[in-house]
Amino acid sequence: IISIYLLVEKPVLKNGTKRLIRASFGDERYDGVMKFLRECNRICNRYVVFNMVDSMIIGVANAIIMAIFGMPYVGLISFVVAITNLVPTFGPFVGAIIGALILLMEKPLYALILVIMTLVLQALDAYLIKPRLFGSSLGVSGLWIIIGIIVGGNMFGVVGILLAIPCVAILDFLYGDYLV
């Protein structure tokens, strides 16, 4: 309900925010602040879009591997894995547990294969797919993405992992445009 009100009031909120920024920073710094906020918005939008792309990649890879092993409920379980992959760190494992419980009723060996497959797929996603996908889409080195996730996770837990990639991209933008 709040999001509907926000969408309806978007023009009013946008104008009010611009007036607040102009009043806070003055006319001479307004353009610079707005440029920074537009770039932050672009980075966050790309992060959300490519997080969805990453989840689709994981869901399709899960479906292919399940089909190779001849498992049932490929579409259902792969969809659950893809959706839960949107949640950082624990999401993929929640999806695997749900899928494993479904497969446990069919054949316990399938559940074991799914859990092992999820562990391998998540390792590949965390250390290979995500750094390359987000690095190329946001213009940040894959190494900085991995370092950001590790540092963000150690400092702030799950929230740090969730915000690490956009924060690294914003810091890279700040460094490139304002410090160099």
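This structure is a prediction, so every number in the text was calculated from the model and none was measured.
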So how far is it from [X] [atom1] to [Y] [atom2], rounded to the nearest 0.5 Å?
{"X": "L174", "Y": "C167", "atom1": "CG", "atom2": "SG", "value": "10.5 Å"}
{"X": "L114", "Y": "I97", "atom1": "CG", "atom2": "CD1", "value": "10.5 Å"}
{"X": "L20", "Y": "S24", "atom1": "CG", "atom2": "OG", "value": "4.0 Å"}
{"X": "I2", "Y": "L7", "atom1": "CD1", "atom2": "CG", "value": "12.0 Å"}
{"X": "L86", "Y": "L162", "atom1": "CG", "atom2": "CG", "value": "10.5 Å"}
{"X": "M52", "Y": "I57", "atom1": "CE", "atom2": "CD1", "value": "14.0 Å"}

Going through the checks in order, is the side-chain contact (heavy atoms from CB on, under 4.5 Å) test met by N41 and L37?
-> CA-CA 6 Å; N41 184 47; L37 292 176; over 6 Å; no

Could you tabulate the donor-acceptor pairs under 3.5 Å formed by side-chain atoms of residues 63-80, not counting sequence neighbours?
{"from": "S78", "atom 1": "OG", "to": "N62", "atom 2": "ND2", "distance (Å)": "3.0"}
{"from": "S78", "atom 1": "OG", "to": "A63", "atom 2": "N", "distance (Å)": "3.1"}
{"from": "S78", "atom 1": "OG", "to": "V74", "atom 2": "O", "distance (Å)": "2.8"}

Quick one: name the residues clustered hydrophobically with V12, using the 4.5 Å side-chain heavy-atom rule over I, L, V, M, F, W, Y, and just say none if it's on its own.
-> none

Using atom types as modelled, flag every donor-acceptor pair under 3.5 Å from a side chain in residues 140-158 to any protein atom, sequence neighbours excluded.
{"from": "S141", "atom 1": "OG", "to": "L143", "atom 2": "N", "distance (Å)": "3.2"}
{"from": "N154", "atom 1": "ND2", "to": "I150", "atom 2": "O", "distance (Å)": "3.3"}

Which pair of heavy atoms, one from [X] and one from [Y], lies closest together, and at what distance?
{"X": "S55", "Y": "A82", "value": "CB-O, 3.2 Å"}
{"X": "N85", "Y": "P92", "value": "OD1-CG, 3.1 Å"}
{"X": "I43", "Y": "P166", "value": "CG2-O, 3.9 Å"}

For E39, enumerate each residue passing the salt bridge (charged side-chain N to carboxylate O under 4.0 Å, His left out) test, keeping only those at least two apart in sequence or located in another chain.
-> R42

Do [X] and [Y] belong to the same hydrophobic cluster, where Ile, Leu, Val, Met, Phe, Trp and Tyr are linked whenever their side-chain heavy atoms lie under 4.5 Å apart, directly or via other members?
{"X": "L133", "Y": "L138", "answer": "yes"}
{"X": "L109", "Y": "M117", "answer": "yes"}
{"X": "I129", "Y": "V87", "answer": "no"}
{"X": "V168", "Y": "F173", "answer": "yes"}
{"X": "V115", "Y": "Y110", "answer": "no"}

Stepwise side-chain contact (heavy atoms from CB on, under 4.5 Å) check, T84 with F90 = CA-CA 8 Å; T84 57; F90 304 110; over 6 Å; no

Under the 3.5 angstrom rule, does the side chain of R46 hit a backbone N or O of S137 as a donor-acceptor pair?
-> yes

Applying ring-ring contact (aromatic ring centres under 6.0 Å, His included), which residue pairs with at least one partner in residues 35-55 are found, sequence neighbours left out?
-> Y47-F134

Is there side-chain contact between I58 and D54, with at least one heavy-atom pair below 4.5 Å?
-> yes

Does any non-hydrogen side-chain atom of I98 lie less than 4.5 Å from one of V94?
-> yes

Inter- and intrachain pairs under salt bridge (Lys or Arg N to Asp or Glu O under 4.0 Å), touching residues 112-127, at least two apart | D125-K130

